[in-house]
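Notes follow once the structure below has been shown.
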2 protein chains.
Amino acid sequence: MARWQSGSRERLAASALRLFASQGFESTTVAEIAADAGLTERTFFRYYADKPEVLFAGQDEFEGLFLDGVEESTSTQPMELMASALDHAAAFFADERRAWSRSRQVVVTGNVALQERELHKMSGLASSLTSAFAERDIDPNIAALAAEATVSVFRRSFAAWIAAGESRPFADIQRGVLSQLQALLAPS
Amino acid sequence: MARWQSGSRERLAASALRLFASQGFESTTVAEIAADAGLTERTFFRYYADKPEVLFAGQDEFEGLFLDGVEESTSTQPMELMASALDHAAAFFADERRAWSRSRQVVVTGNVALQERELHKMSGLASSLTSAFAERDIDPNIAALAAEATVSVFRRSFAAWIAAGESRPFADIQRGVLSQLQALLAPS
DNA sequence: TGACGTGATGACAGTGACTGACATGACGTT
DNA sequence: AACGTCATGTCAGTCACTGTCATCACGTCA
């Protein structure tokens, strides 16, 4: 029998989300999360750099989907690369994940520190996309604007996807939002 | 002679920026800032909600310029409202402010917590713009995309404005970036 | 089989951000 | 001159986060 149960990292994340959802982010201490997972506070910080970070595990995988989408496309047109990245990332948001995403988002929306962390993650995604676009010989300034537009479309789509009553698949919503953005900025 | 010197808030902000710039954000304690301003740590937190916030005083005024720009325009076209907001806000970034903005940005760029706070302020600006646009009978989804696009243009412009060697006025840079964004998303 | 290294964890003390509660004392008003 | 107000000081406390050392199950190698 192992001295330590395996999956400490996952247990910590699960305990954290459950406690945050039931009693709030600020009124849950790290020591409490750790105890709930059968560990100590010190061990929590060996897995997660800080308290907000425990809600953002798996971010790298998510960001990788966008980048894979860019790599898959052979185009050098910003719009086509954006669409490819968005389409590819949509796979992450399967319908089974919708309920989980909703409850997680309630927690994030309810705390400023978590909102800030989420924005920072989105900013990191935009940076990565900027680099990926720039490797296709796209002007750096254009690449940055395209990357931020991509993230905007994703965020709007995600918000719509978890809205009450919404049932369309993520990919469908996202294509609609991208069209809206194009229409908005079309020279009239 | 007054028991307390006036302008405590401003002295705290000035001490903070100076200390952050010379020895870094993290290695400067709030107690140190307060002492430098002739006050105590407790008083610092009566003026600023937390340590990052001391670098973001005056944010309301800045946000107000964007909103004034929207109000000044009588248009109901998103693109025209965006342009009006951006043009109006450009007044905030006079050439005299460029050197100060550069040194402040060095501090912000050098610390993750400050970057997160800055992103959150930009997000708040986007929310305000979304509401302002929505009051012009613009579809909420379009309003949100237009607001985020506005903020993207501003941020890209600001980055260019403080770049080494750059000397064009802020308004000129910003108009160029807005044109680039339009060109990027123009249906081909 | 037993010594040994490795790696995950615990234990503990310390720093610093932030808060609540109460005390102080200069100032204007009456 | 008594009084209320308000910016500030003082102090104790909580909690996020860190450095350091101890512990102990496990695999390996002699």
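Per chain, numbering begins at 1; letters A, B, ... match sequence-line order.
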(message) Regarding B:Thr28, tell me which of base, sugar-phosphate or nothing describes its non-hydrogen contacts under 4.0 Å with the strands shown.
(response) sugar-phosphate

Under 4.0 Å between a side-chain nitrogen and a carboxylate oxygen: does that hold for [X] and [Y]?
X        : Y        : result
B:Arg98  : B:Glu96  : no
B:Arg11  : B:Asp36  : no
A:Glu118 : A:Arg104 : yes
A:Glu53  : A:Lys121 : yes

Return the value, rounded to whole Å, for the distance between atom [atom1] of [X] and atom [atom2] of [N].
X       : N      : atom1 : atom2 : answer
B:Phe45 : C:dC18 : CZ    : P     : 4 Å
B:Glu26 : C:dT15 : CD    : P     : 17 Å
B:Lys51 : D:dA16 : NZ    : P     : 18 Å
A:Ile33 : D:dC17 : CD1   : P     : 10 Å
A:Arg42 : C:dT15 : CZ    : C1'   : 14 Å
A:Glu41 : C:dT15 : CD    : P     : 17 Å
B:Leu12 : C:dA17 : CG    : P     : 14 Å
A:Glu10 : C:dA8  : CD    : C1'   : 14 Å

So does [X] get a side-chain nitrogen or oxygen closer than 4.0 Å to the phosphate oxygens (OP1/OP2) of [N]?
X       : N      : value
B:Thr29 : C:dT15 : no
B:Tyr47 : D:dT8  : yes
A:Thr43 : C:dA8  : no
B:Thr40 : D:dT10 : no

(message) Counting distance alone, no hydrogens or angles: does the base of D:dG9 have a donor or acceptor under 3.5 Å from a partner atom on the side chain of B:Arg46?
(response) yes

(request) Report the C-alpha distance between B:Arg9 and B:Tyr48 in whole Å, list the side-chain angles of each, state the deciding distance to 0.1 Å, and finish with yes or no for side-chain contact (heavy atoms from CB on, under 4.5 Å). (result) CA-CA 8 Å; B:Arg9 186 182 182 86; B:Tyr48 299 101; 3.2 Å; yes

(message) Closest approach to the side chain of A:Ser8, judged atom by atom: which nucleotide of C:dT9, D:dC17, C:dA17 is it?
(response) C:dT9

